[in-house]
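Written below as structure tokens is the structure these notes are about.
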Protein chains: 2
Amino acid sequence: MNKKVTLKQIARELDVSISTVSKALKNSKEISEDTREKVQAFAKLYNYKPNNIALSLKNRKTKTIGVIIPEIVHHFFSKVIRGIELYANNKGYNVIVGLSNESFDKEVINMDMLANGSIDGFILSISKETLLQQDYHHFNETINQGMPIVMFDRVVKEINCDKVVVDDFKGAKIAVEKLIENKCKNIALITTKDYVNVGRYRTQGYISALEEYNIMPQPNLILKVDDESLTEYNLVSLENEIKDLFMGNPEIDGVFAVNEIYAITAMKIARKLGKEIPDDIQVIGFTDGVLSKHAIPGLTTVSQHGQRIGEKAAELLIERIENEYFTDNFQTVVVETELIERESTK
Amino acid sequence: MNKKVTLKQIARELDVSISTVSKALKNSKEISEDTREKVQAFAKLYNYKPNNIALSLKNRKTKTIGVIIPEIVHHFFSKVIRGIELYANNKGYNVIVGLSNESFDKEVINMDMLANGSIDGFILSISKETLLQQDYHHFNETINQGMPIVMFDRVVKEINCDKVVVDDFKGAKIAVEKLIENKCKNIALITTKDYVNVGRYRTQGYISALEEYNIMPQPNLILKVDDESLTEYNLVSLENEIKDLFMGNPEIDGVFAVNEIYAITAMKIARKLGKEIPDDIQVIGFTDGVLSKHAIPGLTTVSQHGQRIGEKAAELLIERIENEYFTDNFQTVVVETELIERESTK
DNA sequence: TTTTAACACGAAAACGTTTTCGAAACATTT
DNA sequence: AAATGTTTCGAAAACGTTTTCGTGTTAAAA
């Protein structure tokens, strides 16, 4: 077993000092060409690579960034991670991933684990529980210790940091306008409870589009899904809520849903009730994941460009890290959405 | 800005030595109760947390594990990561993620970045390109340097390490047997080219099931998809290949596909050709992702239990790390598959 | 020949910990 | 009073780097 070789070992073997070896490997002019070649040859032979941990300690920089997301088995978040990885790697940074699993406690624990020297900065999206409790002390504390944070998607204005967000309002509005232009007269909204900002903004976009066209929003056409009882493996409660929506309002001829699952499920229920898509009901979702693309019929949807969000977040963070002015002029970058039209609309 | 406080600062402030502070914080009996309390109070006040990098350097243990996968925007891989994270976090380990993007070079670069002290061990799944080139020197070198590796899913027998695999053969066989028992007489197979082992084993399972029932495998019913031209955004070549399969062999009444996309696409094409599912054609896929669950009709599929694979891999790795006998008696753990029946079979 | 400059290298500090060992201060036993 | 034991603490080494500064040697200039 060839244990990793260190400067000290090379130095001893070649009968020079550690400093000489270090300098020789960096091609310092201080060292004679003779010794330089000797050292470099030896180092290459034994495949010397400087120890990252020692470098981190010396430089007080780890060249790694911490990412904390609520969930990884999720098309949007994994795309964001891909974007972060891509950009970070190009800049020579590594990425540590932590999952909060939508729990406040796990979010705090994860941040604690990483905030003690392991990383140079955070990229994160807030867990639902934290959003509910509105307890942001852990974010403020880390920022206060001089560690930069970039938030994405689920952000909160109380926190002073760079942010990368989707224009949920506009994305939703454009989608609903599309439905209106496609002659939908009674457009239902399937959304989440209000505490997740993202859902709230999308709801506002829906309302705004209707008002733009002088259509009175109908409360009975708005379904706020109770996702407490909703698990990855149990969709029946969702199905029942949507079924009730359709049965109670047979006039519905358009649906805007704030995520893929709701949209797909709406299509499924509609067809069970004998409605044709897009002839009887047109549907638009949010998030361009695998479901939208492979649904039958293909789901028209609002794409958030997750990867671009990740790249941008990484860019902002690394910029802060390398230019140590993390005190003010924080920016909020808005990544535009895009309506991807498929067969669920006319 | 409250920069992080160190032992040295506490020591200076309290006019004791660094050693005393360190011991006091660890409740060492060496230190008088007086000073212990004083130090602890001060440390708490300033929210002292030991610097992880310094600890890593001292202990020559980083308490983090590196994961390298070909792709993260992928249901199976993200489930595996979730499993790894879950187990690792419980044991106090962090997880660094690297993406090879199916490229040999990126795989090597990623491993190099991490192998120099940043992590204590690797969990990885080999990229397609590496599988093609059959160049495994980077794995052997890291193992040789005393860094343990656990491989999962896409493994290769030439490498001496712990492995966690799915019983692809058995999973496929059971699926095809199910089709046979459901009275399918002409079962097609949609698979990948042979160099990805996983695809090969599934193909063998298909053949074996047929032979078990004395059915002669028909070469024209086996479609090896050319995924060169296949991208995330371009499925037409796949669709055409499958269409040709169905048109050329109208007797097909069952399909076993080695992944979700192939299966879903097969259902889609079949229906376009006027076939009813499951009445005219029954379909079974591999991998229990969102697509299978939300497809209409729901896709019967072979679940691989990605999360369990991740947990098991993390368990094996941490076991090796903490018991430093990474020299022999490597095990290969097989995680059983499970046939999840939905509406695409009778 | 003496002074100065250039060259080649090493010692040591620093990053933040933990831990071993030695030693002062005090208390207890003979 | 002397010997021994206990308590409480600090110095220093170690982990693996980089970098500053000092110094001895040699070559060039006066």
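As the structure is a computational prediction, the values presented were derived from the model and not from experiment. Note that these values count all heavy atoms, side chains included, but never hydrogens, waters or copies made by symmetry. Proteins come first, then strands; the chains are lettered A, B, ... in the order of their sequence lines, and each starts at number 1.
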Rounded to whole angstroms, how far apart are [atom1] on [X] and [atom2] on [N]?
X       : N      : atom1 : atom2 : answer
B:Lys4  : C:dG16 : NZ    : P     : 12 Å
A:Leu57 : C:dC15 : CG    : P     : 9 Å
A:Leu55 : D:dT18 : CG    : C1'   : 8 Å
A:Glu30 : D:dT20 : CD    : P     : 9 Å
A:Asn27 : C:dA8  : CG    : P     : 14 Å
B:Asn51 : C:dT17 : CG    : P     : 6 Å
B:Ile31 : C:dT20 : CD1   : C1'   : 14 Å
A:Lys58 : C:dA13 : NZ    : C1'   : 8 Å

Can a side chain N or O of [X] be found less than 4.0 Å away from OP1 or OP2 on [N]?
X       : N      : result
B:Lys23 : C:dT18 : no
B:Lys26 : C:dT18 : yes
B:Arg60 : D:dA14 : no

Testing the 3.5 Å rule here: is there a donor-acceptor pair between the side chains of [X] and [Y]?
X        : Y        : value
B:Ser32  : B:Thr35  : yes
A:Gln40  : A:Asn27  : yes
A:Glu141 : A:Gln145 : no
A:Ser125 : A:Asp153 : no
B:Lys63  : B:Asn52  : no
A:Thr20  : A:Ser17  : yes
B:Ser127 : B:Glu102 : no

Counting only heavy atoms and a strict 4.0 angstrom limit, can you tell me which residues of residues 37-49 of chain A come near DNA chain D? A:Tyr48, A:Lys49

Does any residue of residues 8-19 of chain A have a heavy atom under 4.0 Å from DNA chain D, and if so, which ones, in number order? A:Lys8, A:Ile18, A:Ser19

So if I take the C1' atoms of five pairs at each end of the helix from C:dT1-D:dA30 to C:dT30-D:dA1 and get each local axis, what angle do the two axes make, rounded to 10 degrees? 80°

Should the ring pair B:Phe76 and B:His74 be called parallel, tilted or perpendicular, given that the plane angle runs from 0 to 90° and is split at 30 and 60? perpendicular

Parallel, tilted or perpendicular: which one describes the rings of B:Phe104 and B:His138, with boundaries at 30° and 60°? perpendicular

Please tell me if the side chains of A:Val39 and A:Leu25 come closer than 4.5 Å, counting only heavy atoms from C-beta onward. yes

Hey, which of these two, B:Thr20 or B:Ala54, hits DNA chain C nearer its 5' end, going by closest nucleotide? B:Ala54

Starting from the C-alpha separation in whole Å, work towards a yes-or-no answer on side-chain contact (heavy atoms from CB on, under 4.5 Å) for A:Thr130 and A:Asp135. CA-CA 6 Å; A:Thr130 309; A:Asp135 180 348; 5.5 Å; no

What nucleic acid atoms does B:Thr35 come within less than 4.0 Å of, heavy atoms only: base, sugar-phosphate, or nothing? sugar-phosphate

Picking from D:dT18, C:dT17, D:dC15, which would you name as closest to the side chain of A:Ser22? D:dT18

Within 6.0 angstrom of B:Lys91 NZ, more than 12 heavy atoms from elsewhere: no

